[in-house]
Amino acid sequence: MPLIFRLPQGWAMLKRHIWPVYPAGIAVAVLAGLAGTVGAAAQAGAAAEAGVAAQTAGAAAQARGGAGVAPGGAVPALPSGARLDGAEPRAVTLHVTVALRSAHPARLDRLATQVATPGTTRFRHFLRPAQVRRRFGPPAGVLTRARAWLHAQHLVTQPVLADGLLLPVTGSVRQIEAAFRVKIARVRLAGGRLAWANRSAPRLPTGLRRWVAAVVGLDNLHMLHPELAHGAAPSQVPHLAAQPVLGSGGGPVPGPQACPAARNTRHVYTAAWLATAYRFNPLYRAGDFGQHVTVALYELADYANRDIRTYDRCYQISPAIHRVRVDGGTSIAANPGGTVEATSDIEVVQAMAPQASILVYEAPASRGAVAELDNYGAIAQQDRAQVVSTSWGSCEPLSGGAKVLRIESEIFQEMSVQGQSMLAAAGDDGSVDCMPPQNTKVPPNPVFYSLQVDDPGSQPFVTSVGGTEITRFGSPPVQSVWNQTPYGQGFKAPFNGRPGHPAKSPGNILGGGGISRMWPMPSWQVGFDRSGNSSGRPCHARRGHDCREVPDVSALAAQGTPAAPGVRRTRGYVIYGTAGAFGGKGWQTVGGTSLATPLWAA
């Protein structure tokens, strides 16, 4: 898999701005290679909309009468070790999302490619959400018709997201079951979490079926996880003997300076070190601290204001940070582990781009794919951020199925058309992204032993961010692929189970990468990998074509660890956190492609 550490001298695309890109620098700029084919956009046909609208009243009547329904989905397979645990209580409120089809998906794909491709006539000619909806959303009559049917089922609809592609719906389990002709069971997963899942396929009115891509949220068996390596508490490891040398002939370090508490934290790089390593300093000296740029952080957890305030006082910065609650938002108590992710993402962006505006989009992780899609849909619908960063993901086969991945893809195409640059962590499990957490029992499912990559990083309209370790500090630094054990530097994973299969997930944490089983290689990626390892087989690409490869770019992902016999020391990011899974530790080392991604976003 290719690891890219440098950008060529030139220019990079950012929504409604063009910023200079310095050699080996990653500040502010995002790769312009978000797409790869050329095409043109066209508007939805008015005649089709009129025909759909004429049938609106009939749709509600048909639904009430119970006639003319067709299958609209499938029954999800239960994960290994899961068991049914009775019926989901009928009075419980469920939130589902009806995902609608684009009127012109092929044209949307072509335009998303063209606006991001230098040399085309539409390069950087971005659209507003209302324009995207008119050209590529479902016909207005379809939305009217869908709402009428849902209201006839006593369900409550919310404003659309993703430029009209997502229609959030709320109702009790009883109402949802009656509307979609399903039975929803309670499921106890192998780890003890209680989930729900439909045990029959949803059904829809035949007149609506062709416009509905999926009914998302009838199960929450799979949830996204942060791509984070949470290091040991500072009291558990000794100090390093040497410190990196700043300056490198460039005079005083111009960016935010850390307070003594952060500088004295063991096994870390502060923002000033990272700015020197990745050449943010020329931008700082030119007066560019990220002003006039808004970064959206995709989160499925909340953070503590007090932790962010402590970090800001340390660096003497005062960035504009605002929560955007999606589907009601979430809390620290609801996802304490995710609080580490949300806090770290904010602190990395604000330290590296202290004058950027930060919007933290928060949705409840417990809702599974509904929260995932609604959060991305809100970011696209509001169109408030030029850069979007997510450090949450899941391996492709466990990301809700091909339908959900295709819905995601259309949302990311909309972002591209609107000029929103989307970055995602490549994962922390190397080329086996479905592997369970470290040192946990591996279920007897072939997917856990197969080569897999992380979604959404593998999406063609997303820049996938991999991980490195800095082996020699400098500007630029010498880097290698990130591969380490929890408290040491890498070793080959032991296979101690069935021949070729581990009985337990090995302790390594390493930068994700490999070949997608879902997406063909975009044209902008063709020719970069000359190793001979490219293949078109995993994604069943057309003859003569290969599959999408990740990551696209990389940066520091190592977590700080001490030296040990035969193992070199490593340095990670310095983060301040006390809430949730931080457990009150304060200043500490954190790593993962989760941190490399907001570094690129800055």
Side-chain angles (χ1 to χ4, degrees), residues 1-8 23-24 26 31-38 113 116-117 227 393 395-397 405 409 423-435 446-469 471 476-484 489-495 499-502 506 508-555 557 593 596 600:
M1 53 188 157
L3 296 177
I4 304 172
F5 305 109
R6 295 175 179 266
L7 292 176
I26 63 175
L31 290 186
L34 288 176
T37 57
V38 177
T113 294
T117 304
E227 311 294 352
C395 68
E396 284 182 331
L405 295 181
S409 180
L423 300 96
D428 297 347
D429 297 290
S431 58
V432 286
D433 197 71
C434 292
M435 189 66 72
V447 71
F448 294 107
Y449 305 105
S450 60
L451 298 176
Q452 302 286 351
V453 296
D454 200 81
D455 173 81
S458 63
Q459 294 267 355
F461 287 86
V462 174
T463 299
S464 174
V465 183
T468 70
E469 177 203 352
T471 56
V478 176
Q479 301 178 94
S480 65
V481 175
W482 174 48
N483 177 13
Q484 67 182 115
Q489 180 63 29
F491 59 86
K492 291 184 178 181
F495 288 86
H501 296 161
N508 287 49
I509 43 179
L510 59 160
I515 301 176
S516 171
R517 292 177 180 266
M518 180 71 187
W519 304 108
M521 180 178 287
S523 61
W524 54 263
Q525 196 175 52
V526 173
F528 277 94
D529 184 0
R530 300 179 181 178
S531 66
N533 294 321
S534 298
S535 174
R537 289 193 298 273
C539 67
H540 306 290
R542 300 194 314 270
R543 185 172 182 178
H545 293 75
D546 293 321
C547 302
R548 166 95 165 106
E549 297 180 10
V550 292
D552 300 303
V553 296
S554 295
T593 55
W600 266 91

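We number each residue from 1, following the sequence as shown.
In this structure, D433 and V453 have side chains that are not in contact, with every pair of non-hydrogen atoms separated by 4.5 Å or more. Within the 4.5 Å cutoff, no side-chain heavy atoms of P551 are placed close to those of V465.
Contact record, I515 with N533: CD1-O, 3.5 Å, taken as the closest heavy-atom pair. When all heavy atoms of P460 and W524 are compared, the closest pair comes out as O-CZ2, 3.9 Å. Closest of all the heavy-atom pairs between T468 and Q479 is OG1-OE1, 2.7 Å. The nearest pair of heavy atoms linking Q525 to E549 is NE2-O, 2.6 Å. In plain terms, the two heavy atoms of S554 and G467 that are nearest each other are OG-N, 3.9 Å. Contact detail for P456 and A424: the closest heavy-atom pair is CG-CB, 3.9 Å.
Among residues two or more places apart in sequence or in another chain, the side chain to side chain donor-acceptor pair (under 3.5 Å) test is passed with S458 by E396. Applying the side-chain contact (heavy atoms from CB on, under 4.5 Å) rule to V478 yields the partners T471, R472; only residues at least two apart in sequence or on another chain are considered. Under the side chain to side chain donor-acceptor pair (under 3.5 Å) criterion, D454 pairs with no residue, sequence neighbours left out. The side-chain contact (heavy atoms from CB on, under 4.5 Å) search around S450 returns V447, Q452, R517, not counting sequence neighbours.
The CG atom of L510 sits 8.0 Å away from the CG atom of D428 when rounded to the nearest 0.5 Å. A distance of 13.5 Å separates CZ of R548 from CE of M518, quoted to the nearest 0.5 Å.
At least one donor-acceptor pair under 3.5 Å links the side chain of T593 to the backbone N or O of G427.
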Which donor-acceptor pairs under 3.5 Å do side chains of residues 538-547 form with protein atoms, sequence neighbours excluded?
residue, atom, partner, partner atom, Å
R542, NH2, H545, NE2, 3.1
H545, ND1, R543, O, 3.3

Margin query: Does L405 form a side-chain contact (heavy atoms from CB on, under 4.5 Å) with W519? I'd like the steps, not just the answer.
Written below: CA-CA 10 Å; L405 295 181; W519 304 108; 4.2 Å; yes
Next item on the list: Begin with the C-alpha distance, continue with both residues' side-chain angles, and end with the deciding distance and a verdict on side-chain contact (heavy atoms from CB on, under 4.5 Å) for N483 and E469.
Entry: CA-CA 8 Å; N483 177 13; E469 177 203 352; over 6 Å; no
Margin query: Please determine whether side-chain contact (heavy atoms from CB on, under 4.5 Å) holds for the pair T463 and W600, giving the CA-CA distance in whole Å, both sets of side-chain angles, and the decisive distance to 0.1 Å.
Written below: CA-CA 10 Å; T463 299; W600 266 91; 5.9 Å; no
